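Quick note: numbers below take in every heavy atom, side chains included, and nothing from hydrogens, waters or symmetry partners. Each chain gets a letter, A, B and so on, in the order its sequence line appears, and its residues count up from 1. Since we're looking at a predicted model, the values are computed, not measured.
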There are 2 protein chains.
Amino acid sequence: MSRGPSARRPAPAGNHHGIPDATVARLPVYLRVLYGMADRGVTTVSSEELAAAAGVNSAKLRKDLSHLGSYGTRGVGYDVEYLVYQVSRELGLTQDWPVLIVGAGNLGRALANYGGFASRGFRIAALLDCDPGVVGTVIARHTVRSADEIEEAVRKFDVAIGVIATPAAAAQNVCNRLVAAGVRSILNFAPVVLNVPSDVDVRKVDLSIELQILAFHAQRRTAAARLFDLPPGGDLARGIAARGLPASPAAASPNGRSGRGARAAAESRAVAGSGSEDDYTTGAQAVGT
Amino acid sequence: MSRGPSARRPAPAGNHHGIPDATVARLPVYLRVLYGMADRGVTTVSSEELAAAAGVNSAKLRKDLSHLGSYGTRGVGYDVEYLVYQVSRELGLTQDWPVLIVGAGNLGRALANYGGFASRGFRIAALLDCDPGVVGTVIARHTVRSADEIEEAVRKFDVAIGVIATPAAAAQNVCNRLVAAGVRSILNFAPVVLNVPSDVDVRKVDLSIELQILAFHAQRRTAAARLFDLPPGGDLARGIAARGLPASPAAASPNGRSGRGARAAAESRAVAGSGSEDDYTTGAQAVGT
DNA sequence: ACGCCCTTGTGAACGTTTGCACAAAGTCGC
DNA sequence: GCGACTTTGTGCAAACGTTCACAAGGGCGT
Ligand SMILES: NC(=O)c1ccc[n+]([C@@H]2O[C@H](COP(=O)([O-])OP(=O)(O)OC[C@H]3O[C@@H](n4cnc5c(N)ncnc54)[C@H](O)[C@@H]3O)[C@@H](O)[C@H]2O)c1
Ligand SMILES: NC(=O)c1ccc[n+]([C@@H]2O[C@H](COP(=O)([O-])OP(=O)(O)OC[C@H]3O[C@@H](n4cnc5c(N)ncnc54)[C@H](O)[C@@H]3O)[C@@H](O)[C@H]2O)c1
């Protein structure tokens, strides 16, 4: 697995297995919307309505659902309850998934306390940490166990999904142990590229990356706003690209005036070494997801 | 914005703006790896090495970097420090980004306490909550303010990025107020599809969706393992698709024996109404990201 | 000064995803 | 029972993303 390109069935015509990744990623959204509708007493929904609620194009929604089978009724729409069942089944949510959380720090605790965790069949099997001061404490009804017990916990609770919420420096090691213990699905919160065998499926959640993507677009927006302050063909990027770090650090945020005001450029951070205790890296694993 | 399809420049030949979204999403990973290398004293890196460390194909890495300009040296590779600077600049990280966090619960607190937050120029401007019991308390050196002050805080701190860490039921409302106050970049942790004007950029982080995607692949894996227990052309999905909920609830996990043992199917959850206090939905916004 | 060798940058092929548009299929009113 | 109307399911083309493979370019040894 490891959601890289590599393995994926070419999806032969009579496609019953081989649901596109893009579709799989949207099914949980549809499911959440469907649950909401069921709660409000809606019994039937058209692709148009469902698509609007999920924020997608209705054709895309129909194509997505068509991968699961023909569960709609032409002229009417989809039966909400029935569709909930079908989507749940396809996603494997009709069974329970014991989840092991490694790292009971800020994030691990938040996850353990999170109610929505259990709502789709994910059950916290155990919570591990290596800090003797934390081991033994109780978090959300779970007594934190020692990180030495990874293998034991995986076996004992038949853990299928491991969550890594340790500092980046420990993540690869924890990952290796989870994999060695038989875990094949890992959700990684540490900002590291994990190195895993190809049959292991890793997904990452990286807050910092999300913020950086937002920053990119935000910058793009304000850059567009000052579009007319610059020479028409002007290319400020290549202008300073004559190699050797830019003459003036301030070159990065030229002609100040912009919507949000060009704040003091934090050059030292951008130019040289690390920024946090967290930086770290090794190995290879698909980066896109 | 709202990273949906809609707006994106066709990227005319002389492409200097219009970096593909897929590339933008990977730049932060490259950046992190580069920082790590800089810390270890590496001064030069080839696309092959950098790609391996980031877990991507080297051709993809080169193409990604080529969108920023020609910053490599043939026969040699890339200068680490220089590349760090260029990627940072492209992402808009050479300026500071004041971030406003709304919702100081489990997650909001974890975010506020998170050190790596500040490492790329993201600075927590303020932390808001609506619970009188929480307002006034101090979290990570920030005194929690009242959620009534959204507009004021946005103005006062020149907030560009808003983080929503409230329960799902409050998210759309908070979002509306952030947008009205001028925030154009939002990171949403609540499991809701936010409805925003097209010039607002929303990214979501949804733990539950990630787990569900993992569960899908995990199920697929174990299904493959029992491949030979079923009739060759057998299609258990359509078998019960003759409408009307499946005769026997257990139909979802037929012939038990599978790698991980078919656990008690949580039918009640899968079939009918909601599962958590969180389910909720409205509006439209791109679902893929 | 020259040529070898290494690595970048990119053209072109391929696979995946999206969205349009419409025929097929079913419902509902009469 | 039938015809009009609604909505699904899908063929197709365009957009987007990934990967291969190699020519162009630059450093370095001689
Ligand atoms: N807190 C956030 O908002 C946030 C946001 C994004 C990413 N992250 C990432 O998530 C991870 C956890 O963040 P956090 O804020 O909870 O950090 P934290 O320092 O609060 O907690 C980390 C916990 O892991 C434990 N630990 C360390 N090594 C371990 C090991 N080998 N085995 C088991 N446990 C071990 C520590 O004892 C500590 O309790 C970090 O990698 C961080 O970069 C956190
Ligand atoms: N904790 C997790 O691990 C986790 C994981 C995934 C998703 N989420 C989602 O993140 C969100 C926050 O999760 P949490 O665990 O921190 O919840 P929480 O209940 O611990 O905290 C929510 C906080 O938001 C505050 N709040 C409520 N309405 C508000 C409003 N209108 N304005 C400002 N503040 C308001 C509450 O007072 C509370 O302090 C939820 O939507 C949850 O579904 C949480």
Practice task
Walk me through it: do B:Y85 and B:E81 pass the test side chain to side chain donor-acceptor pair (under 3.5 Å)?
Solution key: CA-CA 6 Å; B:Y85 170 73; B:E81 208 172 272; over 6 Å; no

Exercise for the section: Write down the distance between CG (A:L61) and P (C:dT17), rounded to a whole number of angstrom. Expected result: 16 Å

Handout entry: Donor-acceptor pair under 3.5 Å, B:R74 side chain vs C:dT7 base
Key = no

Problem - Selected nucleotide, minimal atom distance to B:K60 side chain, candidates C:dG19, D:dT19, C:dT10 - result: D:dT19

Exercise for the section: Could you pull out the closest heavy-atom pair between B:R120 and A:S208, with the gap in Å? Expected result: CG-OG, 4.2 Å

Exercise for the section: Consider the side chain of B:R26, meaning its heavy atoms from C-beta on, and name the nucleotide among D:dT18, C:dC20, C:dT10 that approaches it most closely. Expected result: D:dT18

Handout entry: Donor/acceptor link under 3.5 angstrom from A:K63 side chain onto base of C:dG19
Key = yes

Problem - Whole-Å distance separating the CD1 atom of A:I19 from the P atom of C:dT17 - result: 12 Å

Handout entry: Donor-acceptor contact present, side-chain A:Q219 to main-chain B:R89, <3.5 Å
Key = yes

Fill in the blank from the handout: Atom CG of A:L83 and atom C1' of D:dT8 are separated, to the nearest Å, by 13 Å

Exercise for the section: Please determine if B:D199 and A:R221 form a salt bridge, counting it only when a charged side-chain N lies under 4.0 Å from a carboxylate O. Expected result: no

Exercise for the section: Check the distance between D:dA21's P and B:N57's CG and give it to me in whole angstrom. Expected result: 11 Å

Exercise for the section: Report yes if a side-chain nitrogen or oxygen of A:T73 is closer than 4.0 Å to either non-bridging phosphate oxygen (OP1 or OP2) of C:dG26; otherwise report no. Expected result: no

Exercise for the section: Compare side-chain N and O positions of A:Y78 against OP1 and OP2 of C:dG26 and report whether any pair is under 4.0 Å apart. Expected result: no

Practice task
Compare the minimum distances between each of C:dT18, D:dC20, C:dT10 and the side chain of B:R62, then state the nucleotide with the smallest one.
Solution key: C:dT10

Practice task
Using the side chain to side chain contact (heavy atoms under 4.5 Å, CB included) rule, take A:T44 and A:Y78 through it: C-alpha gap first, then chi angles, then the decisive distance, then the call.
Solution key: CA-CA 6 Å; A:T44 280; A:Y78 301 87; over 6 Å; no

Problem - Between D:dT8 (P) and A:D79 (CG): distance, integer Å - result: 13 Å

Handout entry: Closest-nucleotide ordering on DNA chain C, the 5'-leading residue of B:S46 and A:A22
Key = B:S46

Practice task
Using whole Å, report how far CG of B:D21 lies from C1' of D:dT18.
Solution key: 15 Å

Practice task
Let me know the distance between NE2 of A:H67 and P of C:dT16, rounded to the nearest Å.
Solution key: 11 Å

Fill in the blank from the handout: Rounded to whole Å, the CG-P distance (A:D64 to C:dT16) equals 16 Å

